[in-house]
S.K.: 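Here you go, one structure.
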Amino acid sequence: MPGVQCEACHGPGSDYKSIKVMKDPDAALAAGLLKPDAAMCEACHTGAPHEQAAFDYEAAKAAGIHEFKSPE
């Protein structure tokens with residue numbers, strides 16, 4: 001979504017923003033990286049007031065949002 005930055009979904013990145021930490025999913029999570037779940041995504045993807053189509057979390061997760069994917 002245009003204008004939406006990483007921290008909107010993953011929380012403040014001051015402690016996990018270094019590439020060394022970001023390349024280590026366990027270290028990134030330990031440093032405060034948030035891993036969005038359905039409830040977190042659905043808080044914004046509600047359909048209203050933006051008149052978006054119904055949000056399917058599993059389909060969005062399967063499609064991927066960006067190239068960095070942490071292991072499940």
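Computed from a predicted structure; not experimentally measured.
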S.K.: Rounded to the nearest 0.5 Å, how far apart are CG of D24 and CG of L29?
M.R.: 9.0 Å
S.K.: With sequence neighbours left out, what residues match D56 under side chain to side chain contact (heavy atoms under 4.5 Å, CB included)?
M.R.: E58, A59
S.K.: Working to the nearest 0.5 angstrom, can you tell me the gap between L33 CG and C9 SG?
M.R.: 10.5 Å
S.K.: Could you give the distance from NE2 (H10) to CD (E7), rounded to the nearest 0.5 Å?
M.R.: 10.5 Å
S.K.: Check side chain to side chain contact (heavy atoms under 4.5 Å, CB included) between A60 and all other residues, then give those that pass, not counting sequence neighbours.
M.R.: F55
S.K.: Just jot down the side chain to side chain contact (heavy atoms under 4.5 Å, CB included) partners of A31, sequence neighbours excluded, or say none.
M.R.: D15, Y16, V21
S.K.: How close do C41 and P36 get, heavy atom to heavy atom, and via which atoms?
M.R.: SG-CB, 4.0 Å
S.K.: List the atom of K17, the atom of M22, and the distance in Å for their closest heavy-atom pair.
M.R.: O-CG, 4.0 Å
S.K.: Other members of the hydrophobic cluster containing M40, with the 4.5 Å side-chain heavy-atom rule, please.
M.R.: L34
S.K.: Could you work out, with side chain to side chain contact (heavy atoms under 4.5 Å, CB included) as the rule, every residue matching A38, not counting sequence neighbours?
M.R.: E42, Y57
